[in-house]
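Right, one structure below, let's go through it.
All figures in this text were calculated on a predicted structure; none of them were measured in a lab. Numbering of ligands and ligand atoms starts at 1, following listing order.
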Amino acid sequence: MGIAVLGTGGGARAHIAKLAELGHEVHVGTRDPRATLARTEPDMMGNPPFGAWLADHPGIQMHTFADAAERAAELVISGIDGHNAVAALSAAAEQLATKTLVDYAVPYIYNPDLEHPWPTPWGTMPKLDPCDTDSLAERIQRALPRTKVVKAFVTQEQDTVVDPKGVGAGEHTMFIAGEHTDAKAAVTDLLKAYGWTDILDLGPLVSARGMEMYAHMHSAIGFALGFGTHFGIKVVR
Ligand SMILES: NC(=O)c1ccc[n+]([C@@H]2O[C@H](COP(=O)([O-])OP(=O)(O)OC[C@H]3O[C@@H](n4cnc5c(N)ncnc54)[C@H](OP(=O)(O)O)[C@@H]3O)[C@@H](O)[C@H]2O)c1
């Protein structure tokens, strides 16, 4: 089944590689495929240029965001930077209509000017916007009313999302939220194919507020455990 992954960052790459391994036809979306392939510098997270990465992953097709969404049979994963996601996805609204869109972005504003900054090993902690009274996922759903938005994956590094058994033998929890039962079922199927066994449906998309705000807690745990330590969280009941 054709699945689109909109994005070329580290998280998107994890999904692209895993979906290809699972035998899916993967369509990657980027702003400008030629410009993306021409890059020679690592991205802001230090990932190698996408073209170099792609050379090790033959058979992956690249398109604009809209063309990749068009080619998806049903499922589209958005790995577009959270601050720019609403605008970029709105430009592909026609191609995304009726489809399931998984949003895993954090609505980070990088290098914020804050009265009380949070120093981190890599600079000031980004600010969340929207936060508390709205969420990125809800904004995407309002901007794309014909698309079935599901918030998922966001509480984990994407390398762990596609390989949950790599942490604690998979004994941790993945969360999903959204307004569309059939879309959440499709995302649940994908998560099971990735190896997840504890998938907690948090109900309506408003729950995405909590999922996105968890980003700061995820960072705090990561700093406590040491940079690069992979971990998960388990809801014990
Ligand atoms: N990486 C993870 O493990 C992880 C985990 C949880 C949450 N998240 C969140 O998920 C989101 C994506 O993360 P990521 O690591 O996969 O990638 P990322 O490096 O945060 O974002 C890269 C993508 O955003 C697009 N982009 C950047 N600026 C844009 C603009 N002005 N207009 C349109 N598109 C733009 C880029 O397009 P081009 O392809 O054209 O360059 C690229 O595809 C982020 O919000 C991140 O915080 C990531």
Side-chain angles (χ1 to χ4, degrees), residues 4-19 26-54 60-69 76-92 101-112 120 122-123 125-131 135-137 139-140 143 150-164 166-167 174-176 194 208 211-219 221-222 227-233:
V5 179
L6 309 184
T8 56
R13 294 179 201 194
H15 289 279
I16 296 164
K18 184 66 180 183
L19 290 167
V26 188
H27 297 278
V28 177
T30 185
R31 279 170 286 185
D32 176 344
R34 288 177 67 176
T36 298
L37 290 174
R39 286 177 197 151
T40 55
E41 299 295 320
D43 68 14
M44 74 167 189
M45 298 296 177
N47 298 302
F50 192 74
W53 183 87
L54 198 64
I60 308 293
Q61 304 177 48
M62 284 189 75
H63 317 274
T64 62
F65 288 137
D67 285 348
V76 180
I77 295 172
S78 177
I80 300 174
D81 159 66
H83 184 53
N84 296 292
V86 173
L89 293 168
S90 296
L101 177 72
V102 189
D103 158 42
Y104 71 79
V106 180
Y108 276 148
I109 308 285
Y110 290 96
N111 304 311
T120 76
W122 33 265
M125 179 69 79
K127 174 182 156 180
L128 293 169
D129 183 10
C131 181
S135 65
L136 173 64
R139 286 191 175 177
I140 294 171
V150 177
K151 192 83 193 189
F153 311 164
V154 64
T155 50
Q156 267 294 354
E157 285 116 19
Q158 303 306 308
D159 288 337
T160 304
V161 173
V162 303
D163 180 23
V167 172
M174 170 57 64
F175 306 96
I176 62 170
Y194 283 170
M211 295 160 80
E212 293 175 8
M213 285 192 284
Y214 171 76
H216 282 348
M217 185 64 180
H218 184 89
S219 294
I221 296 170
F227 187 72
T229 306
H230 297 294
F231 61 93
I233 48 168

Parallel, tilted or perpendicular: ring planes of H27 versus H63, cut at 30 and 60 degrees: tilted
Expected output: side-chain E212 to main-chain D129 donor-acceptor under 3.5 Å: no
Taking every non-hydrogen atom, the tightest pair across M211 and F175: CE-O, 3.4 Å
Check ligand 1 against the protein and report each N/O to N/O distance under 3.5 Å, formatted as atom name, atom name, distance.
unit_1: ligand 1; atom_1: 3 (O); unit_2: Q158; atom_2: N; d: 2.9
unit_1: ligand 1; atom_1: 15 (O); unit_2: G11; atom_2: N; d: 3.4
unit_1: ligand 1; atom_1: 16 (O); unit_2: G11; atom_2: N; d: 3.1
unit_1: ligand 1; atom_1: 16 (O); unit_2: A12; atom_2: N; d: 3.2
unit_1: ligand 1; atom_1: 16 (O); unit_2: Y104; atom_2: OH; d: 2.7
unit_1: ligand 1; atom_1: 24 (O); unit_2: D81; atom_2: N; d: 3.0
unit_1: ligand 1; atom_1: 28 (N); unit_2: N84; atom_2: ND2; d: 3.4
unit_1: ligand 1; atom_1: 31 (N); unit_2: N84; atom_2: OD1; d: 3.2
unit_1: ligand 1; atom_1: 31 (N); unit_2: N84; atom_2: ND2; d: 3.4
unit_1: ligand 1; atom_1: 37 (O); unit_2: R31; atom_2: NE; d: 3.4
unit_1: ligand 1; atom_1: 39 (O); unit_2: T8; atom_2: OG1; d: 2.6
unit_1: ligand 1; atom_1: 39 (O); unit_2: T30; atom_2: OG1; d: 2.6
unit_1: ligand 1; atom_1: 40 (O); unit_2: T30; atom_2: OG1; d: 3.0
unit_1: ligand 1; atom_1: 40 (O); unit_2: R31; atom_2: N; d: 2.9
unit_1: ligand 1; atom_1: 40 (O); unit_2: R31; atom_2: NE; d: 2.9
unit_1: ligand 1; atom_1: 41 (O); unit_2: R31; atom_2: NH2; d: 3.1
unit_1: ligand 1; atom_1: 41 (O); unit_2: R39; atom_2: NH1; d: 3.1
unit_1: ligand 1; atom_1: 41 (O); unit_2: R39; atom_2: NH2; d: 3.0
unit_1: ligand 1; atom_1: 43 (O); unit_2: T8; atom_2: N; d: 2.9
unit_1: ligand 1; atom_1: 43 (O); unit_2: T8; atom_2: OG1; d: 3.4
unit_1: ligand 1; atom_1: 45 (O); unit_2: G82; atom_2: N; d: 3.3
unit_1: ligand 1; atom_1: 45 (O); unit_2: V106; atom_2: N; d: 3.0
unit_1: ligand 1; atom_1: 45 (O); unit_2: V106; atom_2: O; d: 3.1

Mutual orientation of the aromatic rings belonging to Y108 and H216 [parallel < 30°, tilted 30-60°, perpendicular > 60°]: parallel
Between E157 and H218, a side-chain donor and acceptor under 3.5 Å: yes
Heavy-atom donor-acceptor pair, E41 side chain to R39 backbone, under 3.5 Å: no
